[in-house]
Amino acid sequence: MLYCSGTKYIAEGGVSGEKLAELKRILKDVYEKTGAQVRLSSKGGAETGLVLEFCGEKIAAYLQGTGAETERTGKLITYLVEKAGENQRFPEKKEHLREILLGEGNEWSLFRFMTKYGLPAGECFALDILPERGLDEVAAHVERCLADTADLTVKMDEARIAVVKFCEEGQSPAEFGEFLALSVYEELGVKASVGIGCEAKSFTGIAASYSQAVTAVRMSEMFHAKGEVHSYREYLLVRMLEDVPSAKLKEYTRQFQVDSAAELFEDEDMAGTAEVFLENSLNVSETSRNLYMHRNTLMYRLDKIERITGLNIRKFSDAVTFRVITILYKLLKL
């Protein structure tokens with residue numbers, strides 16, 4: 001233990017690696033801005049000893065030189081480090097992960113989390129789980145499902161759960177999402193909407209993936225999509241149009257004559273028929289089976305859609321246009 005002017009302080013060996021690394025980063029910033037280089041171990045000779053207060057600890061430091069000017073510089077550095085320490089937090093794992101997923105962690109925060117918990121390198125993706133009830137019970141079950149893996153989970157708020165999945169060979173993101181949704185339902189009898197974000201090249205991109213997963217759940221609710229698991233990629237066109245200014249969207253609605261098709265979109269049976277037809281790759285027989293509908297009834301409805309919109313959605317190009325019109329209508333209606 002070292003002493004300076006009657007005040008007890010500790011050498012760098014007594015500081016946790018996490019805090020020490022952050023302190024060294026701060027001292028590097030100080031050097032780049034002021035030219036004053038502070039060492040955490042003495043080299044002897046003409047130097048001035050400092051006591052740096054950082055995150056509740058007093059740490060020995062040394063500034064080259066002596067005299068009044070060096071002392072003034074030392075006081076400035078001591079002040080800067082103390083203020084930096086006041087703003088520095090070392091949150092618990094769950095809290096830290098929540099901040100990272102919400103995009104509140106800076107680059108250093110991400111690096112600190114990755115190294116502290118030994119996260120795997122390589123691709124990963126995020127999932128957003130929105131159970132219909134029993135959040136705590138579902139969260140506990142998901143945690144059990146991820147036991148003995150490097151994957152992470154955390155409750156984001158009182159409604160949803162986030163999962164970080166590190167990619168594995170032989171299992172796609174959609175398959176993993178289906179596994180979680182099925183497991184929650186079979187074990188707890190709880191249905192849950194699961195959104196899947198795009199794969200990030202590393203954990204540093206996980207916040208964007210989680211935002212996409214949340215968007216996938218939101219879009220599935222907006223479009224009353226069937227099933228529990230939804231990928232962000234399914235709604236990429238929706239997101240692209242959602243980012244277009246409202247005035248431009250209204251211009252598109254005039255060009256596509258969306259208003260004239262309003263009666264179709266408000267008719268749940270007709271709109272549902274069109275949706276299933278598109279989901280079944282424009283296959284009449286498959287759509288009839290899925291809807292338990294006679295083929296002639298389906299053809300009548302497809303013909304009616306063509307009369308109202310001028311689009312024969314049995315043709316791929318018209319089906320794409322119809323999809324765009326549907327999205328425009330829903331976005332502007334909301």
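All values derive from a computational prediction rather than experimental measurement.
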Engineer: Determine whether a donor-acceptor pair (N or O, by modelled atom type, separation under 3.5 Å) exists between the side chain of Asp267 and the backbone of Met270.
Structural biologist: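 Between the backbone of Met270 and the side chain of Asp267 there is a qualifying donor-acceptor contact (under 3.5 Å).
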Engineer: Would you mind listing every salt bridge (charged side-chain N to carboxylate O under 4.0 Å, His left out) that reaches into residues 174-203, with sequence neighbours excluded?
Structural biologist: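 The answer is Glu199-Arg233.
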Engineer: Which residues pass the ring pair (Phe, Tyr, Trp, His ring centres under 6.0 Å) test with Phe277, sequence neighbours left out?
Structural biologist: none
Engineer: Check whether any side-chain N or O of Asp151 sits under 3.5 Å from a backbone N or O of Phe166 as a donor-acceptor pair, and report yes or no.
Structural biologist: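 The answer is yes, because a donor-acceptor pair under 3.5 Å joins these two groups.
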Engineer: What pairs with Ala271 under side-chain contact (heavy atoms from CB on, under 4.5 Å), at least two apart in sequence or on another chain?
Structural biologist: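 Applying side-chain contact (heavy atoms from CB on, under 4.5 Å) to Ala271 gives none.
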Engineer: Glu104 vs Arg98, test: salt bridge (charged side-chain N to carboxylate O under 4.0 Å, His left out). Steps then yes/no.
Structural biologist: CA-CA 9 Å; Glu104 297 172 359; Arg98 189 180 299 111; over 6 Å; no
Engineer: Please check if Leu146 and Leu188 belong to a single hydrophobic cluster, counting links between Ile, Leu, Val, Met, Phe, Trp and Tyr side chain heavy atoms closer than 4.5 Å.
Structural biologist: yes
Engineer: Do side-chain atoms of Lys94 reach the backbone of Thr153 as a donor and acceptor pair under 3.5 angstrom?
Structural biologist: yes
Engineer: For the residue pair Phe113 and Phe203, is the inter-centroid distance of their aromatic rings smaller than 6.0 Å?
Structural biologist: yes
Engineer: Please check if the side chain of Thr78 supplies one atom and the backbone of Gly74 the other of a donor-acceptor pair under 3.5 Å.
Structural biologist: yes
Engineer: Determine yes or no for a side-chain-to-main-chain donor-acceptor pair under 3.5 angstrom, with Asp318 supplying the side chain and Ile313 the backbone.
Structural biologist: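 Absent.
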Engineer: Does the ring of Tyr117 carry Lys93 above it, NZ/CZ under 6.0 angstrom from centre and within 45° of its axis?
Structural biologist: yes
Engineer: Honestly, is Lys165 close enough over Phe125, meaning NZ or CZ under 6.0 Å from the six-membered ring centre and within 45° of the axis?
Structural biologist: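 The answer is no; the distance or angle limit is not met.
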Engineer: Do you know which of Ile206, Thr204, Leu152 makes side-chain contact (heavy atoms from CB on, under 4.5 Å) with Ile100?
Structural biologist: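 For Ile100, the side-chain contact (heavy atoms from CB on, under 4.5 Å) check succeeds only for Ile206.
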